[in-house]
Amino acid sequence: MLWTANTIMRKFSSSSAYYQNKLKLALIGQSLFGQEVYTNLRKQGHKVVGVFTVPDKDGKADPLAVVAEKDGTPVFKFPRWRVKGKPIPEVVEAYKAVGAELNVMPFCSQFIPMNVIDFPKHGSIIYHPSILPRHRGASAINWTLIEGDKKAGFSIFWADDGLDTGPILLQKECAVEPNDTVDTLYNRFLFPEGIKAMVEAVQLIADGKAPKIPQSEEGASYEGIQKKSNAKVNMAQPTEVIHNFIRGHDKVPGAWVVIDGKPVTLYSSSMLSGSVPTGQPVEVEGVSQPGLIAKSGLILFGFDGKALQVKNLQFEDGKMIPASKYFSSEETASLDLTDNEKKMAEEIRVIWKGILSNVPVIDDTTDFFKSGAASMDVVRLVEEVKQKCGGVQLQNEDVYMATTFQSFIQMFVRRLRGEDQEEELVIDYVTKDVNNMTVKMPYQCFINGKFEDAEDGKTYNTVNPTDGSVICKVSYASVADVDRAVSAAKEAFDNGPWGKMNPRDRGRLLYSLADLMEEHQEELATIETIDSGAVYTLALKTHVGMSIQTFRYFAGWCDKIQVCVVQRYPSVSVCAIVIPWNYPLMMLAWKSAACLAAGNTLVLKPAQVTPLTALKFAELTVKAGIPKGVINIVPGSGGLVGQRMSDHPDIRKLGFTGSTPIGKQIMKSCAVSNLKKVSLELGGKSPLIIFSDCDMDKAVRMGMSSVYFNKGENCIAAGRLFVEESIHDEYIRRVVEEIKKMKIGDPLDRSTDHGPQNHKAHLDKLVEYCEIGVKERATLVYGGRQVDRPGFFMEPTVFTDVEDHMFIAKEESFGPVMVVSKFKDGDVDGVLSRANNTEFGLASGVFTRDINKAMYVSERLEAGTVFVNTYNKTDVAAPFGGFKQSGFGKDLGKSEQNTHCIITLYHFKTSFMTMRIMCMCIQLTLEFNTV
């Protein structure tokens with residue numbers, strides 16, 4: 001091996017932990033948490049001299065014991081450490097023999113004697129899942145939620161002879177989300193951060209830097225373990241208090257109420273915002289008004305009149321159902337099993353027998369829970385069945401909803417066949433009569449194949465830029481919603497059929513999706529128009545039309561396995577996509593089609609101001625047969641939703657189109673989190689050079705299109721025009737004449753040329769941009785003002801005499817502002833230098849009849865796309881992307897085939913006579929790309 005300075009430095013850096021102070025440790029505890037603490041401490045170079053855990057249960061060792069035994073670490077499985085309050089001598093002696101310098105107790109359910117706690121040189125440290133001194137005791141996470149604490153966290157403290165009263169070593173905290181449960185708090189923060197903190201604490205002790213901060217008794221509390229008998233909900237309280245009580249008892253022991261005279265346990269509670277859905281009344285004991293069984297679940301009311309929603313109900317016999325199914329008939333047709341399915345049923349019967357060892361015979365009526373099964377047995381059953389019958393997706397909740405052996409087998413076989421009998425997709429539309437049709441618009445988050453409110457119930461207004469009116473309220477996704485969406489996408493990738501299915505079948509589904517988009521193209525274009533302000537005819541042809549083309553193009557690549565898009569993308573797994581507001585549907589298609597064609601799953605955040613076509617698209621994916629979890633849509637803010645996607649460890653690639661500053665922040669977050677792959681299509685200030693030998697009519701028409709296309713909200717818009725001096729004045733005169741002919745108005749009017757800007761804040765920035773241009777003494781030839789009418793309309797604007805140092809010469813307007821500079825006749829190299837003097841490199845253009853000049857200029861323009869005698873002519877088969885601070889990575893075409901090359905795409909609009917030259921140019925480009 002060739003050792004270099006860099007190699008040695010990397011080796012030293014990665015091994016630096018081994019040169020720190022290290023300790024001999026005894027781990028006393030259990031569970032996956034204990035296993036992860038053990039593994040990470042050993043990675044840091046500490047020596048675990050003994051693991052003390054609980055005995056095997058039903059022949060199955062605790063996870064901590066499993067990994068320790070595999071490593072050859074001494075493992076002790078004492079049933080108890082004390083008898084009648086006194087230490088067992090042989091147990092204590094066995095412990096002392098390992099010679100630990102510190103006891104680490106990540107999660108311990110046993111009582112450990114003080115002569116063990118105090119024996120090591122450094123004593124003992126314990127992890128506790130609350131911010132001590134609050135919530136001492138065994139149910140700390142539950143009580144954090146029951147008491148409605150706004151902050152949760154954990155403490156690592158020095159063990160003493162009190163109950164969670166020892167001095168604090170370190171503490172960490174997090175915010176409690178409105179609909180957090182014990183599981184979400186634990187999985188999001190207490191588990192991952194707790195593991196890191198235990199390792200950090202041990203190292204602080206090893207380095208002699210660990211503090212011992214006495215606990216204050218101010219604010220101290222101790223709560224015992226909740227029992228089912230005292231977990232009945234007091235409904236004569238404010239709704240939020242009831243919600244906290246329910247979620248604090250979810251899943252154990254389970255808060256319950258009396259419904260129709262019978263105890264029913266409540267799971268998955270969330271506060272309800274907005275209007276209360278319609279439903280069938282149900283009698284709930286102790287309520288101020290009857291509950292409702294709605295499509296979304298059980299609606300309950302506190303005495304303050306506010307509402308909460310419960311998704312799942314469990315009856316006394318252990319059977320769990322979706323709350324929405326409370327009044328539904330339980331009768332379903334019994335399936336006839338095939339011989340192979342009968343064989344699998346017998347294998348599952350053996351698994352049931354292994355768990356329910358006290359039951360002599362497992363017959364069809366055997367009830368899992370009535371036979372003595374507990375929550376750990378549920379996990380074991382699900383995991384054993386999944387291991388034995390690979391590819392079948394099961395969740396713990398499935399066991400609660402099919403508690404007898406016969407019902408479990410029926411559920412399993414339906415799942416195996418893909419005949420889950422899932423209910424038809426439920427969508428609460430917002431409808432509007434507009435554009436001579438009734439458009440039906442979903443407005444909720446789309447997660448795991450279902451439309452549902454954000455967990456905290458928050459919404460925001462999406463606005464029609466034509467008149468400033470509110471179209472509807474849209475669900476405002478939270479961090480918890482993003483996490484659920486990513487979990488759904490990961491589950492769909494790891495265990496679902498999407499990535500594993502025959503590529504041709506995947507292509508067939510994408511073709512079907514494209515067909516459905518075409519079938520609904522007028523509705524999609526109408527939604528796009530009212531939500532983004534795009535002129536309807538443009539929305540129909542480009543926003544929607546090119547989206548359909550994109551999905552058809554990549555559907556065709558699904559079975560072309562030799563192509564890079566198929567060879568490389570599958571290593572990604574879960575992709576995140578963050579799209580802008582200028583082409584809401586088209587950017588969705590550009591970013592997601594290749595990802596889906598390769599078998600990946602995705603979580604997509606539409607722009608906050610234009611979410612509606614993305615949500616309509618989600619509806620069409622279900623109709624096309626795309627499996628649940630493959631596509632997830634989470635509307636919301638970039639600062640919350642986008643940031644969480646950038647940080648999330650289960651996302652392996654993120655694609656972003658937007659501004660350069662946000663792109664830099666995303667790239668940084670992606671690097672810090674898990675070094676996820678990133679593709680960025682960012683800002684531009686694309687130069688368009690117009691020579692005096694151009695076709696003037698075409699140069700005027702296409703030059704205006706280069707600026708005013710899609711009302712200037714176009715990433716490749718010509719941000720700066722360079723016009724040769726001898727034709728400059730004539731060019732400007734003709735442009736202004738054409739602008740005066742443009743019709744500004746309702747984008748749904750087929751004769752409208754120029755619609756509203758996307759949103760009010762953007763309009764204000766455009767007005768400010770023009771004011772800066774005037775202050776810099778550029779000549780305002782036309783426009784520069786907001787149109788005096790309702791909505792967010794900006795006049796098409798023209799500036800001339802723009803000098804290179806000016807703000808408007810360097811910064812993108814992203815609006816209908818033409819910025820024009822002269823260049824001296826014949827000064828080709830001079831204008832090239834000025835055109836390239838920018839931090840951006842997305843697109844560029846040149847107009848000339850001289851093919852040699854066109855080739856000379858286009859080869860020297862520093863941009864991802866060069867248009868020759870045309871503009872805005874993109875194609876789904878051609879790669880698209882930029883250089884410098886315009887980003888990196890390519891959309892469309894055989895994506896990323898040339899990731900180690902600079903790809904420049906030449907678009908020619910020329911005569912048949914020059915076609916042979918054009919073909920030669922393309923050949924030269926291809927030869928360059930293979931270098």
Side-chain angles (χ1 to χ4, degrees), residues 31 57-58 107 109 129-130 135-149 163 179-186 221-237 239-270 282-287 291 297-298 300 302 308-323 325-326 355-356 358-359 366-382 395-404:
S31 77
K57 183 178 180 182
D58 296 327
F107 174 74
S109 62
S130 79
H135 305 311
R136 294 168 177 165
S139 299
I141 313 176
N142 303 73
W143 284 102
T144 297
L145 296 172
I146 293 169
E147 293 292 319
D149 293 359
L163 188 61
N179 293 314
D180 263 332
T181 64
V182 172
D183 286 348
T184 60
L185 263 181
Y186 187 71
S221 65
Y222 173 83
E223 298 94 1
I225 297 174
Q226 282 291 84
K227 297 179 180 178
K228 192 74 174 182
S229 58
N230 57 12
K232 184 178 181 182
V233 182
N234 175 10
M235 297 300 296
Q237 301 182 92
T239 306
E240 187 174 355
V241 175
I242 297 171
H243 165 61
N244 289 335
F245 190 84
I246 296 171
R247 64 179 177 146
H249 290 81
D250 188 342
K251 298 279 198 276
V252 178
W256 57 279
V257 294
V258 175
I259 300 178
D260 292 333
K262 298 178 181 178
V264 178
T265 304
L266 313 176
Y267 295 108
S268 299
S269 169
S270 59
V282 63
E283 183 182 335
V284 181
E285 184 180 283
V287 298
L298 168 64
L300 295 174
L308 63 84
Q309 175 178 282
V310 173
K311 288 190 177 178
N312 295 317
L313 305 176
Q314 187 175 37
F315 302 105
E316 283 186 287
D317 62 1
K319 178 74 176 292
M320 183 183 285
I321 64 167
K325 299 290 188 183
Y326 182 77
I355 297 171
L356 305 175
N358 58 312
V359 179
T366 301
D367 188 285
F368 194 68
F369 296 102
K370 288 181 179 178
S371 300
S375 57
M376 268 307 295
D377 299 310
V378 173
V379 176
R380 177 179 168 184
L381 174 60
V382 168
Q395 304 293 333
N396 294 352
E397 286 76 9
D398 294 327
V399 183
Y400 291 103
M401 295 184 185
T403 60
T404 66

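Just so it is clear, the structure is predicted and the values come from calculations on it, not from any experiment.
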A.B. asks: Can you tell me if K228 and T265 form a side-chain donor-acceptor pair at under 3.5 Å?
C.D. replies: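 Yes, T265 and K228 have a side-chain donor paired with an acceptor closer than 3.5 Å.
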A.B. asks: Please test F315 against V264 for side-chain contact (heavy atoms from CB on, under 4.5 Å), starting from the C-alpha separation and ending with a verdict.
C.D. replies: CA-CA 5 Å; F315 302 105; V264 178; 4.0 Å; yes
A.B. asks: Return the NE2 to CG distance between H249 and N230, rounded to the nearest 0.5 Å.
C.D. replies: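 Interatomic distance, H249 NE2 to N230 CG, rounded to 0.5 Å: 6.5 Å.
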A.B. asks: Would you check if Y267 and T181 make a side-chain contact, meaning some heavy-atom pair closer than 4.5 Å?
C.D. replies: no
A.B. asks: Provide the closest heavy-atom pair for S371 versus V359 in the form atom of the first, atom of the second, distance.
C.D. replies: CB-CG2, 3.6 Å
A.B. asks: Measure across H243 and S270 and return the closest heavy-atom pair with its distance rounded to 0.1 Å.
C.D. replies: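 Closest pair (atom of H243, atom of S270, distance): CE1-CA, 3.7 Å.
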A.B. asks: Sub-3.5 Å donor-acceptor pair from the side chain of S130 to the main-chain atoms of A140, do we have one?
C.D. replies: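 Such a contact is absent between S130 side chain and A140 backbone.
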A.B. asks: What heavy-atom pair brings G302 and T239 nearest, and what distance separates the two atoms?
C.D. replies: N-OG1, 3.0 Å
A.B. asks: Please confirm whether the backbone N or O of G224 pairs with a side-chain atom of W143, one donor and one acceptor, at under 3.5 Å?
C.D. replies: yes
A.B. asks: Determine the sole option in V257, L308, N312 for which the side-chain contact (heavy atoms from CB on, under 4.5 Å) test with L266 is passed.
C.D. replies: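 By the side-chain contact (heavy atoms from CB on, under 4.5 Å) criterion, L266 pairs with just one of V257, L308, N312: V257.
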A.B. asks: Looking only at atom types and distance, does a side-chain atom of N142 sit under 3.5 Å from a main-chain N or O of G248, one as donor and one as acceptor?
C.D. replies: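 At least one qualifying donor-acceptor pair exists.
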A.B. asks: Looking at E283, E285, M235, which one forms a side-chain contact (heavy atoms from CB on, under 4.5 Å) with V258?
C.D. replies: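 Running side-chain contact (heavy atoms from CB on, under 4.5 Å) over E283, E285, M235 with V258 returns exactly one hit, E285.
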A.B. asks: Which atom pair, heavy atoms only, marks the closest approach of S229 to W256?
C.D. replies: O-CZ2, 4.3 Å
A.B. asks: Side chains of D367 and T404: closer than 4.5 Å at any heavy-atom pair?
C.D. replies: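 Yes; the side chains approach each other to less than 4.5 Å.
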A.B. asks: Do L298 and I259 make a side-chain contact, defined as non-hydrogen atoms from C-beta onward lying under 4.5 Å apart?
C.D. replies: yes
A.B. asks: Can you check whether F368 reaches D377 side chain to side chain, under 4.5 Å on heavy atoms?
C.D. replies: yes
A.B. asks: Is atom CD of E240 surrounded by more than 12 heavy atoms (other residues, nucleotides or ligands) closer than 6.0 Å?
C.D. replies: no
A.B. asks: Return the CD to CD1 distance between Q226 and I146, rounded to the nearest 0.5 Å.
C.D. replies: 5.0 Å
A.B. asks: Minimum heavy-atom separation for Y222 and R136, please, with both atom names.
C.D. replies: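 Looks like CD1-O, 3.3 Å.
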A.B. asks: Quick check against the 3.5 Å criterion: does S221 have a side-chain atom that pairs as donor or acceptor with the backbone of H135?
C.D. replies: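 Indeed, once roles are kept as given, a pair shorter than 3.5 Å links the two residues.
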A.B. asks: Report the distance from atom CG of L381 to atom CD1 of I355, rounding to the nearest 0.5 Å.
C.D. replies: 4.5 Å
A.B. asks: Provide the closest heavy-atom pair for I225 versus A138 in the form atom of the first, atom of the second, distance.
C.D. replies: CG1-CB, 3.6 Å
A.B. asks: Spell out, as yes or no, whether a donor-acceptor pair under 3.5 Å connects the side chain of D250 to the backbone of S268.
C.D. replies: yes
